[in-house]
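See structure below.
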Amino acid sequence: MTRWSEFYVHTTREVPSDAEVISHQLMVRAGLIKKLAAGIYTYLPLGWRSVAKMAAIVRREMDAAGAVELSMPAIQPAELWQESGRWQRYGKELLRMRDRHDREFCFGPTHEEVVTDLVRRDVRSYRQLPFNLYQIQTKFRDEIRPRFGLMRGREFLMKDAYSFGATEAQLDEAYEAMRRAYCAIFAACKLEYTMVEADTGTIGGSSSHEFMVVAQTGESAVVSCPCGYGANVEKAESRLAPAVAAEEAPEERRAVPTPGKSSVPDVAAFLGVPPERVVKTLIYETEKEFVAALVRGDREINEVKLQNALAADHLALASEEKVERLTGAALGFAGPIGLPAELRLIADESVRELRNFVCGANEADTHLVGVNWGRDLPLPPVADLLLVAAGDPCPRCGAPLQLSRGIEVGHIFKLGTKYSEAMRCHFTDETGAERPMIMGCYGLGIGRTVAAAIEQNHDADGIVWPLPLAPFEVLLVTLNAADEETRRVADELHARLGALGIEVLYDDRDERPGVKFKDADLVGIPLRVVVGGKSLAAGQVEISHRRDRAKEAVPVAEGLQSILARLAAEGRKTPA
RNA sequence: CGGGGCGUAGCUCAGCUUGGUAGAGCGCACGGUUCGGGUCCGUGAGGCCGGAGGUUCAAAUCCUCUCGCCCCGACCA
């Protein structure tokens, strides 16, 4: 029973200057969220209702999948993070603080440490396994660059679940149950999504999948194939395109002047060779060492793959000054021959079959041509470091891969024993042996999913809520609030719908029709019921759907039934 | 962290180059008008020009520092 005049909604015509993506713009304009600081938002009443609906759907499906809800502290002691090793590794994204006794804490960005600590204190035997604990809670990650409103906030609501089992089979079972639950959740939200293979990042573990809502504004790039293969580009593999000139006889190696030609396309054009015949040498820096990574000139390095191959915690391109010091030449003239020993060499598969290739000479304005593995230098250790591009052959079926963008709304991991070993979360098995528990972890961004839903469900005039996430189910609008008959009919409809448990927002404001219609479109409640002079004169109210705007005038007496029928058609379980 | 930009009314922004009494539109208040797609007209309130220091007779405007925000890149579930 909510009247707009007594509620707290403030819509605006103007788009805030910092809102780039449509979901952010609409959430601000429709009065769903309000920014307090960079990446930190107040959920306004309308927005909070949608977030609460999202959370309820998640709870329902998690409970159905056998997970058990609890709530862990947001503030966590540093010791736990030191124990897992992530206090050092997690970096600046971890918001750290000290209490009055100068003890170190962090605001939890995730809860592996806390939940593992909890479980190791309580659980001793395989007979107490498996189980899956989840919570819906505010996290904080001090993102380098928060943006896009709720899509990439620093403070955000997340559902995180952690499964504990005694065997790999129990982990597989929990993982599968979560996969199904996620599918059910995103289907319930009427979202178009895909599940793709993913890198495990700082969370760690053996295998993981991401749930991506398809959107051009998505921050993640994913490759997909009609055969069913799908992966985050960070993880994606492809079959190798054939190397050029694999059968050529070796030529003489020569140094040639290439004044000012520092990019692969420039060098290739200048020397009259295809870029595929150039070996690109990129100098990276990790926390341990400098690395020269080789990739074929027409391709790019996948830095996530490189970081994994190097088992490094941090990886970044070396600065220009460092490159000059290490290679003895300006940026763009580095090559694998004659580098200082302190540089570790690693090559992508794409360079393995090259013959008579071109590379930098580690000398100003000079490249080497006619270079061959074995004769001129040994082939360095080879790994898959390739950033997959659109059109590359699918690793499973060979068909050209497609590249698209998505919003990562869920991520499930098989953690294995990474945390249980580090934190000695052990149990006793049937044979009396002590073993680490086998864990999984399953994240789902609540606010981000709501934002993604808007990204996928809007038009030029505003949000078009899918019914399950809509802050209200019905928007009841009076066009002339001063008219007694109008008010009487609307008040009665409002009361009756409310009595049936239908969530109605009653726009009883004394505003011009245009204002109320614009607000109705912007706020995007699925079903709109208008009580106004024109139709009321004929004894009717007007019912319309936000999505297709199809209007129908129905007699006042039949209004209630018509509304219930339409909600039922949208999948709402109507009261008897 | 590197590069770029912006902080002036509640919001979106002019004014700054060339220093001289603070502006517009929207929103808000009041009066009239209008009344099924952000009516129209009038009146009014509202600003330590992000903060500190400096130059100057005089600073929103020039200089220095600082804080905050935004964009691009690198980073991340």
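Reminder, nothing fancy here: chain letters follow the sequence lines and each chain counts from 1. Nothing here was measured: the structure is a model prediction, and the numbers come from that model.
- Base pairing of B:A58: no nucleotide in any strand meets the Watson-Crick or G-U wobble criterion (both distances under 3.5 Å).
- In this model, the phosphate group of B:C70 is approached by a side-chain N or O of A:Lys35 to a distance below 4.0 Å at OP1 or OP2.
- Using a 4.0 Å heavy-atom distance criterion, A:Tyr284 is classed as making no nucleic acid contact.
- If you take atom P in B:G38 and the same atom in B:C72, they sit 35 Å apart, rounded to whole Å.
- At a threshold of 4.0 angstrom between heavy atoms, the contacts of A:Glu14 include nucleobase atoms, whether or not backbone atoms are also involved.
- Between A:Arg145 and B:C72 there is a side-chain N or O to OP1 or OP2 distance below 4.0 Å.
- Looking only at atom types and distance, the side chain of A:Glu303 has a donor-acceptor partner in the side chain of A:Tyr284 under 3.5 Å away.
- Of the N and O atoms on the side chains of A:Glu542 and A:Ser535, not one donor lies less than 3.5 Å from an acceptor on the other residue.
- Nucleotide B:C1 has B:G73 as its partner under the Watson-Crick or G-U criteria, with both atom distances under 3.5 Å.
- If you check every strand for non-hydrogen atoms under 4.0 Å, A:Glu303 touches sugar and phosphate atoms only.
- Nucleotides B:C57 and B:C67 place their P atoms 31 Å apart, quoted to the nearest Å.
- The aromatic rings of A:His24 and A:Tyr41 sit perpendicular to each other, their planes meeting at more than 60°, with 30° as the lower class boundary.
- Taking a pair to require two hydrogen-bonding distances under 3.5 Å in either a Watson-Crick or a G-U wobble arrangement, B:U43 pairs with B:A29.
- Nucleic acid contact class of A:Lys159 (heavy atoms, under 4.0 Å, all strands): none.
- Atom CD of A:Glu143 and atom P of B:C71 are 13 Å apart (whole Å).
- Looking at A:Thr217 and A:Glu20, their side chains never come closer than 4.5 Å, going by heavy atoms from C-beta outward.
- Heavy atoms of other residues, nucleotides or ligands lying less than 6.0 angstrom from NZ of A:Lys288 number more than 12.
- Note on ring orientation: taking the six-membered ring where Trp is involved, the planes of A:Phe472 and A:Phe7 are perpendicular (angle over 60°, cut-offs 30° and 60°).
- Going from atom CD of A:Glu93 over to atom C1' of B:C1 covers 15 Å, rounded to whole Å.
- Nucleotides B:G7 and B:C49 are separated by 14 Å at their P atoms, to the nearest Å.
- Taking atom C1' on both nucleotides, B:U17 is separated from B:C76 by 42 Å, rounded to a whole Å.
- For B:A9 and B:G47, the C1' atoms lie 5 Å apart once the distance is rounded to whole Å.
- Remark: P of B:G73 and CG of A:Leu315 are 18 Å apart, rounded to the nearest angstrom.
- If you take CZ of A:Arg152 and C1' of B:G73, they are 14 Å apart, rounded to a whole angstrom.
- Side-chain N/O atoms of A:Tyr90 and A:Arg96 include no donor and acceptor closer than 3.5 Å.
- A:Ser17 has a side-chain polar atom (N or O) that falls below the 4.0 Å cut-off from OP1 or OP2 of B:C13.
- The interatomic distance linking A:Arg147 (CZ) with B:C75 (P) rounds to 12 Å, in whole Å.
- In this structure, A:Ile283 atom CD1 and B:A74 atom P are separated by 18 Å, rounded to whole Å.
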For nucleotides 29-38 of chain B, 5' to 3', base contacts (B), sugar-phosphate-only contacts (S) and non-contacts (-) with protein non-hydrogen atoms under 4.0 Å give -----B-BBB
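- Comparing the same atom, P, in B:G5 and in B:C62 gives a spacing of 14 Å after rounding to whole Å.
- What separates CG of A:Asp18 from P of B:C11 is a distance of 11 Å, to the nearest Å.
- B:U34 and B:U61: their C1' atoms are spaced 44 Å apart (whole Å).
- Under the Watson-Crick or G-U wobble criterion, with both distances below 3.5 Å, B:G7 is paired with B:C67.
- A:Leu444 places none of its side-chain heavy atoms less than 4.5 Å from the side chain of A:Val409.
- Within the 6.0 Å centre-distance limit, the rings of A:Tyr8 and A:His10 are counted as a close aromatic pair.
- B:C48 and B:A60 have their C1' atoms separated by 11 Å, with the value rounded to a whole Å.
- At whole-Å resolution of the value, CD in A:Glu20 and C1' in B:G5 are 13 Å apart.
- Look at B:C35: it lacks any Watson-Crick or wobble partner with both distances under 3.5 angstrom.
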